Novice: 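Mind having a look at this structure? Questions to follow.
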Amino acid sequence: MNKLPDKGNLPKEGYPNPTVDFSFVLSSSVRDMKDSLSMLLITLAAMMEKSPPADAEQAKFFSTLEYEAARINGELVQLLSLYQMDEQSLGMHIDEHYVIDVIDEQVARNDTLFNIRKLNIRIECDANLVWYFDNEMIGGVLNNLLVNCVRYGQNQLLVSACIENDFLCISVADDGTGYPESMLEDPSPQVGASFGSSNTRLGLLFARKVLALHRSKKGQGYLVLANNSLLGGGVIKLYLP
Amino acid sequence: MVDSSYGKINALIVDDFGNFRATLNNILMSLGIRSVDSVASGEEALQFCKVRTYDLILCDQNLGKGKSGQQVLEELRVTSNPCRESLFILVSAESSKSIIMAAYDYEPDAYLTKPLNAKVLDQRLSRLFEQHVMLKPTYAARKKGDLHTAIDLCTQLIDKGGRNTNVCQKLLGQLYLQNNDVASAEMLYRTVLNQRELEWAQLGMVKTKIAQGDLLSAQQWLGEILHRNPQCLKAYDFQVEIHREQGNTERMQAVLQTVTDLSPLSILRQQALGDVALQNDNLLIATTALRHAVKLGDNSFLDNAHVHTQFAQAAIKLSTMDEELGRPFLRDALKGVAEIEVKFGESQNIQIQAKLLETQLQVCSGNESRAIALMTAAQAELTKPGGGELLESQIEMIRVLRLLDRMDEAEVQLKALLLENVNNEEALQKLDVLLEEPRSEKNKLMVAEINKKGIAAYKNKDFHIAEAAFNTALQKVPHHIGLRLNYIQTLIDTLKINFDDQISKKIHQSLSKCEASLNKSHVQYPRYHQLQIVYNDLTKAQKNSELNDE
């Protein structure tokens with residue numbers, strides 16, 4: 001799909017500007033990629049409904065396709081947001097939201113993925129729990145966490161939300177093998193090394209940045225990684241003031 | 001999940017991508033929505049919305065060529081049509097923030113980001129429809145103008161508590177303000193702010209402070225909002241409003257420059273920037289903004305003839321001042337003028353005015369023979385019976401003559417016009433832009449008052465206030481020599497205290513203007529000449545001191 005760029009029609013100065021505006025290139029490419037990805041995911045879901053996988057091997061193909069597409073989507077959102085944070089052009093829109101709405105939406109987004117991976121998701125959140133945050137940003141963080149859990153092949157996932165010491169705590173627990181010791185000690189990404197080798201850490205960087213942008217008199221948001229969760233695996237807890 | 005309540009809903013899908021329309025259609029059908037139309041462009045969507053009432057519109061933001069989703073929304077909300085209050089969901093592939101940055105005042109009921117699936121859509125729709133049904137009586141009361149009932153209903157909903165309290169609080173604040181119950185609005189916002197510093201409540205405080213006439217407090221709230229979120233476009237809009245109220249056009253321009261940098265696609269902000277920069281005689285900024293505004297007008301119902309006219313006038317002024325700077329705008333300005341006749345050219349006055357603007361643009365482009373042909377044709381129209389009534393066109397004609405250096409002809413025509421309108425205050429006010437001394441009572445009084453204020457400030461060495469005063473008056477009577485020289489003298493004294501390139505430029509520009517219109521026999525010539533010498537000495541001294549510094 002070849003769409004006209006929004007800003008491209010508007011040269012800033014007297015003459016049309018021939019230099020490339022990277023943020024514009026990035027955002028319009030991401031838009032196109034996500035359009036395609038959208039179609040890919042929808043078509044995949046329709047295909048599975050019309051002709052369900054005949055055997056385990058086919059099911060695995062579907063699951064790989066679905067997972068990889070979901071991952072690309074998460075990465076794209078993250079990439080664009082990190083870039084905007086760097087450019088300080090990312091505005092936060094903090095408002096009052098129902099916590100369950102954000103959790104439900106992200107789980108719904110990955111519905112097909114969880115089904116084919118036979119991942120059992122449990123949500124524990126008071127339907128009336130209300131908190132203050134940017135729902136789109138926190139949604140993006142949560143989406144990455146959920147997709148990431150699929151990667152490590154767990155069977156169960158528990159997403160829960162509660163108030164701890166006057167902070168909202170959203171936690172995602174799994175029944176996997178837990179986070180490696182090195183990450184628990186120093187979860188910050190080492191520039192250079194980790195960007196290529198460990199994608200999880202870029203995701204963590206993104207989550208940390210988003211959380212830190214949530215500030216109030218009580219302090220700012222943060223995250224905690226731990227093992228031995230309720231389900232036996234790792235747990236990541238997002239704290240929001 | 002198929003909800004029986006979806007059965008009666010009419011939905012419209014707007015997306016330029018056929019596959020996506022088909023898929024979204026299937027999703028809506030699977031949710032039990034049976035009546036779904038889909039179209040590929042914003043223009044088609046608006047046509048459909050004229051003849052049919054949709055309960056739900058799912059519109060993609062990026063529709064390729066033509067109108068964007070946001071522009072469709074704006075037009076639906078503002079113009080009269082059966083879908084003015086439909087649920088409008090803006091769908092985009094990017095996060096919603098980039099859309100918000102382009103938006104002006106009209107927000108959709110929800111944003112949804114791709115990829116979408118049935119489950120996500122179902123969740124969102126059921127929440128939105130629940131809210132829609134709940135708020136319907138309140139909105140209906142407001143629409144009827146029965147604000148008391150609307151406020152009562154809204155308060156009851158808040159007292160009940162539950163999931164839509166936040167939405168109801170926002171609405172209640174608006175209703176209080178609409179009902180001029182500023183004290184209740186303030187109490188509501190303060191209650192919310194005691195819980196948490198939320199931007200919408202802070203903006204609410206700004207509105208209450210403006211309503212109370214307490215502009216200083218409003219400014220303080222705005223400062224706080226922008227300190228936390230420099231991207232808050234609404235806060236800038238309020239700043240512009242406050243500066244407008246205070247008559248501070250320089251500040252207005254500065255804020256509008258910031259906010260158009262953040263949201264270059266907002267046509268109203270570009271129009272406002274062009275307008276105020278033109279008043280401030282910042283011609284390059286004005287012409288650039290007006291070009292954007294005209295370009296954005298291609299797909300917007302907010303486009304109007306005035307903006308096209310202003311763009312042409314700004315481009316002409318800029319070219320006259322500096323050929324190099326003006327040249328890159330001339331082609332677009334000619335195009336913009338041609339569009340006036342096609343898009344808005346119903347009245348004869350507008351048509352002739354457009355022709356005369358084209359004439360001036362042709363002069364600037366060096367096509368004098370084309371210009372003269374156009375002028376002759378327009379003159380024939382204007383000398384017909386009734387031609388004298390077409391005042392705007394007559395004014396442009398005098399500008400054409402002046403541009404072609406036919407000063408005597410221009411004077412004769414101007415005198416005739418003044419004679420014809422000697423008892424017509426409204427016409428005289430318009431003609432004042434061409435004159436050295438105002439003829440209309442209103443502008444005479446205004447110039448006298450502001451001049452007095454400016455001189456008093458100048459004597460007190462409040463150069464900044466004096467400058468602003470003279471500048472305001474010059475916007476109405478740009479050819480007033482006495483005022484202009486007062487303005488220059490104030491700027492020169494500012495420059496003496498601290499040499500600033502921007503101010504130096506302003507002086508230079510103003511002196512050139514005087515030079516163009518003053519001959520040596522003019523009573524004000526000696527004063528002009530004196531100021532010119534002082535200014536030259538100052539710049540020379542500055543250059544020398546810069547050299548010494550090196």
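Values reported hereafter were calculated over all heavy atoms of this structure, with side chains retained and with hydrogens, waters and symmetry mates removed. Since the structure is predicted, the reported quantities are computational estimates derived from the model, not experimental observations.
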Novice: If we define contacts as heavy-atom pairs under 4.5 Å, which of B:Val120, B:Leu121, B:Leu116, B:Leu24 has the most with chain A?
Specialist: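 Of the options given, most contacts go to B:Val120.
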
Novice: Taking all atoms of both residues into account, what is the closest heavy-atom pair of A:Glu105 and B:Arg124, and its distance?
Specialist: OE1-NH2, 2.9 Å

Novice: Report the distance from atom CZ of B:Arg228 to atom CZ of A:Arg215, rounding to the nearest 0.5 Å.
Specialist: 8.5 Å

Novice: For A:Leu129, is it the side chain, the backbone, both, or neither that has a heavy atom closer than 4.5 Å to a heavy atom of chain B?
Specialist: neither

Novice: Taking all non-hydrogen atoms of both residues into account, name the closest pair between B:Arg196 and A:Pro241 and its distance.
Specialist: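 Minimum heavy-atom separation between B:Arg196 and A:Pro241: NH1-O, 2.9 Å.
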
Novice: Surrounding CG of B:Asn194 (heavy atoms of other residues, nucleotides or ligands, distance under 6.0 Å), is the total greater than 12?
Specialist: yes

Novice: Answer with side chain, backbone, both or neither: which region of A:Asn73 has an atom nearer than 4.5 Å to a non-hydrogen atom of chain B?
Specialist: side chain

Novice: Which distance, rounded to the nearest 0.5 Å, do you find between the CZ of B:Phe20 and the OG of A:Ser36?
Specialist: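 Going from the CZ atom of B:Phe20 to the OG atom of A:Ser36 covers 11.0 Å.
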
Novice: If we define contacts as heavy-atom pairs under 4.5 Å, which of A:Thr112, A:Val107, A:Asp104 has the most with chain B?
Specialist: A:Asp104

Novice: Taking side chain as everything from C-beta outward and backbone as N, CA, C, O, which of these in A:Tyr132 sits under 4.5 Å from a heavy atom of chain B? Side chain, backbone, both or neither.
Specialist: both

Novice: Measuring from atom CD of A:Glu96 to atom CH2 of B:Trp200, what distance do you get when rounded to the nearest 0.5 angstrom?
Specialist: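 It is 8.0 Å, given to the nearest 0.5 Å.
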
Novice: Does B:Arg163 come within less than 4.0 Å of A:Asp101, counting only side-chain N to carboxylate O?
Specialist: yes

Novice: For the residue pair B:Thr113 and A:Glu136, what are the closest heavy atoms and their distance?
Specialist: CG2-OE2, 4.3 Å

Novice: Does the distance from a Lys or Arg side-chain N to an Asp or Glu carboxylate O, for B:Lys170 and A:Asp95, drop under 4.0 Å?
Specialist: yes

Novice: Answer yes or no: are there more than 12 heavy-atom neighbours, outside B:Glu323 itself, under 6.0 Å from its atom CD?
Specialist: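 No, not enclosed.
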
Novice: Please indicate whether A:Lys218 has more than 12 foreign heavy atoms, meaning atoms of other residues, nucleotides or ligands, lying under 6.0 Å from its NZ.
Specialist: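 Atom NZ in A:Lys218 is packed in, count exceeds 12.
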
Novice: Can you check whether A:Ala108's main-chain N or O pairs, donor with acceptor, with B:Gln123's side chain at less than 3.5 Å?
Specialist: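 No: the side chain of B:Gln123 does not pair with the backbone of A:Ala108.
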
Novice: CG of B:Asn166 to OH of A:Tyr98: how many Å apart, nearest 0.5 Å?
Specialist: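 Spacing of CG (B:Asn166) from OH (A:Tyr98) equals 8.5 Å.
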
Novice: If I compare all heavy atoms of B:Lys119 with all of A:Asp111, which pair ends up nearest, and what's the gap?
Specialist: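 Looking at all heavy atoms of both residues, the shortest contact is NZ-OD1, 3.3 Å.
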
Novice: Less than 4.5 Å to any heavy atom of chain B: does that hold for the side chain of A:Ala69, its backbone, both, or neither?
Specialist: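 When you check distances to chain B, no heavy atom of A:Ala69 falls under 4.5 Å.
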
